[in-house]
Colleague: 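Before we start, here is the structure in question, set down as structure tokens.
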Amino acid sequence: MRVVAGSAGGIQLEVPKRGVRPTMDRVKAAIFSSLADKIVGAHVLDLFAGSGALGIEALSRGAASVLFVEQDRQSIAAIEKNLARTRLNGRVRHQDVFDFVGRCNPPEKFDLVFADPPYEKTRSGEHVTEKLLADQDLPRLLAPEGVFILEKRPGEMIPEAKVWHVIRQKSYGATEVLFLSGVRSPVSGIK
């Protein structure tokens with residue numbers, strides 16, 4: 001896995017040995033192509049950051065800042081190594097995503113929020129994607145005109161969420177990508 005484009009384009013990234021399903025380069029390229037001009041100067045939140053590949057891609061392409069939120073220690077180490085390798089700067093938060101989202105008060109605002117949650121179910125039996133979409137605190141983290149980019153398993157049914165509007169939905173093999181906005185914050189400029 002590598003950084004696809006920008007100042008760190010072509011640099012190989014370290015991937016943790018367990019617990020991570022990295023976003024394929026072609027999926028990353030498609031996501032960032034869809035976002036186009038929304039990247040430059042953006043404040044980005046990378047949830048379930050894993051290796052940090054999505055946030056690092058955003059920094060490489062001109063994002064102003066990235067906050068990586070990840071619970072796994074091995075993944076945190078990989079993010080820090082990848083930031084050093086690419087000579088990019090980002091903030092790394094070792095915390096459970098749902099704890100972070102619920103305790104971010106007052107909420108910091110982000111132009112882009114990436115989430116590539118595990119496909120498995122939570123300990124309580126619900127799918128992580130469902131829990132994330134139902135979280136009432138997550139939309140508060142989006143800036144006006146902000147976009148939430150969610151990767152999920154194709155065919156996984158998403159609950160009808162009254163807080164999200166699907167801007168775009170696209171499948172790439174074993175990954176489906178949703179581009180969402182808050183229902184009260186319509187977004188334009190997504191290809």
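Everything numeric in this text was worked out from a predicted model, so none of it was measured. Side chains included, hydrogens not; waters and symmetry mates left out as well; all remaining heavy atoms used.
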Colleague: Could you go through the side-chain contact (heavy atoms from CB on, under 4.5 Å) check for F179 and L35 one step at a time?
Modeller: CA-CA 9 Å; F179 293 81; L35 292 170; 4.0 Å; yes

Colleague: Please tell me if the side chains of M1 and S51 come closer than 4.5 Å, counting only heavy atoms from C-beta onward.
Modeller: yes

Colleague: With the side chain counted from C-beta on, respond yes when L45 and L112 share a heavy-atom pair under 4.5 Å apart, and no when they do not.
Modeller: no

Colleague: List for me each residue that meets side-chain hydrogen bond (donor to acceptor under 3.5 Å, both in side chains) alongside S65, sequence neighbours excluded, and say none if there are none.
Modeller: H43

Colleague: Under 3.5 Å, sequence neighbours excluded: what are the donor-acceptor pairs made by side chains of residues 2-13?
Modeller:
none

Colleague: Is any side-chain heavy atom of V113 closer than 4.5 Å to one of F110?
Modeller: yes

Colleague: Nearest heavy-atom pair of R26 and G173: which atoms, and what distance?
Modeller: NH2-N, 3.6 Å

Colleague: Name all pairs fulfilling the salt bridge (charged side-chain N to carboxylate O under 4.0 Å, His left out) condition that reach into residues 89-111, sequence neighbours left out, sorted by first residue then second.
Modeller: R91-E108

Colleague: Can you name the closest pair of heavy atoms from V101 and L138 and give their distance?
Modeller: CG1-N, 3.5 Å

Colleague: What distance do L142 atom CG and R140 atom CZ have between them, rounded to the nearest 0.5 Å?
Modeller: 11.5 Å

Colleague: Can you tell if the side chain of F98 reaches within under 4.5 Å of the side chain of V128, non-hydrogen atoms only?
Modeller: yes

Colleague: Would you please name every residue forming a side-chain hydrogen bond (donor to acceptor under 3.5 Å, both in side chains) with Q169, sequence neighbours left out?
Modeller: E176

Colleague: Which heavy atom in A174 sits nearest to a heavy atom in P154, and how many Å separate them?
Modeller: O-CD, 3.3 Å

Colleague: Just how far is it from atom CD of E80 to atom CZ of R85, taken to the nearest 0.5 Å?
Modeller: 13.5 Å

Colleague: What pair of heavy atoms forms the shortest contact from V44 to A58, and how long is it?
Modeller: CG2-CB, 4.2 Å

Colleague: Which distance, rounded to the nearest 0.5 Å, do you find between the OG1 of T86 and the CG of L59?
Modeller: 7.5 Å

Colleague: What heavy-atom pair brings P117 and T129 nearest, and what distance separates the two atoms?
Modeller: CG-OG1, 4.0 Å

Colleague: Just jot down the ring-ring contact (aromatic ring centres under 6.0 Å, His included) partners of F68, sequence neighbours excluded, or say none.
Modeller: none

Colleague: Is it the case that the side chain of D46 and the backbone of L67 share a donor-acceptor pair, with hydrogens and angles ignored and the cut-off at 3.5 Å?
Modeller: no

Colleague: Check the hydrophobic clustering (I, L, V, M, F, W, Y; side-chain heavy atoms under 4.5 Å; chains of links allowed) and say if V166 and L132 are grouped together.
Modeller: yes

Colleague: Has S33 got a side-chain atom pairing as donor or acceptor with A29's backbone, closer than 3.5 angstrom?
Modeller: no

Colleague: Indicate yes or no: at least one non-hydrogen side-chain atom of D116 is less than 4.5 angstrom from one of I149.
Modeller: no

Colleague: Please check: side-chain N/O of E70 versus main-chain N/O of G50, any donor-acceptor pairing under 3.5 Å?
Modeller: yes

Colleague: Could you go step by step and tell me if N89 and L83 meet the side-chain contact (heavy atoms from CB on, under 4.5 Å) rule?
Modeller: CA-CA 6 Å; N89 295 310; L83 285 168; over 6 Å; no

Colleague: Just wondering, do I31 and E57 contact through their side chains at under 4.5 Å, heavy atoms?
Modeller: no

Colleague: With a 4.5 Å heavy-atom cut-off, do K152 and L178 have their side chains touching?
Modeller: yes

Colleague: Output yes when a side-chain donor or acceptor of W164 lies under 3.5 Å from a complementary backbone atom of L133, and no otherwise.
Modeller: yes

Colleague: Which residues satisfy the ring-ring contact (aromatic ring centres under 6.0 Å, His included) test with F114, sequence neighbours excluded?
Modeller: F32

Colleague: Mind running side-chain contact (heavy atoms from CB on, under 4.5 Å) on L141 and C104 for me, showing each step along the way?
Modeller: CA-CA 8 Å; L141 299 179; C104 196; 3.8 Å; yes

Colleague: Looking at every heavy atom in both V66 and G55, which two are closest together, and how far apart are they?
Modeller: CG2-O, 3.5 Å

Colleague: If you measure from NE2 on H165 to CG on L180, what distance do you get to the nearest 0.5 Å?
Modeller: 9.0 Å

Colleague: Atom CG of L47 and atom CZ of F148: how far apart are they, to the nearest 0.5 Å?
Modeller: 7.0 Å

Colleague: Working to the nearest 0.5 angstrom, can you tell me the gap between I76 CD1 and Q71 CD?
Modeller: 9.5 Å

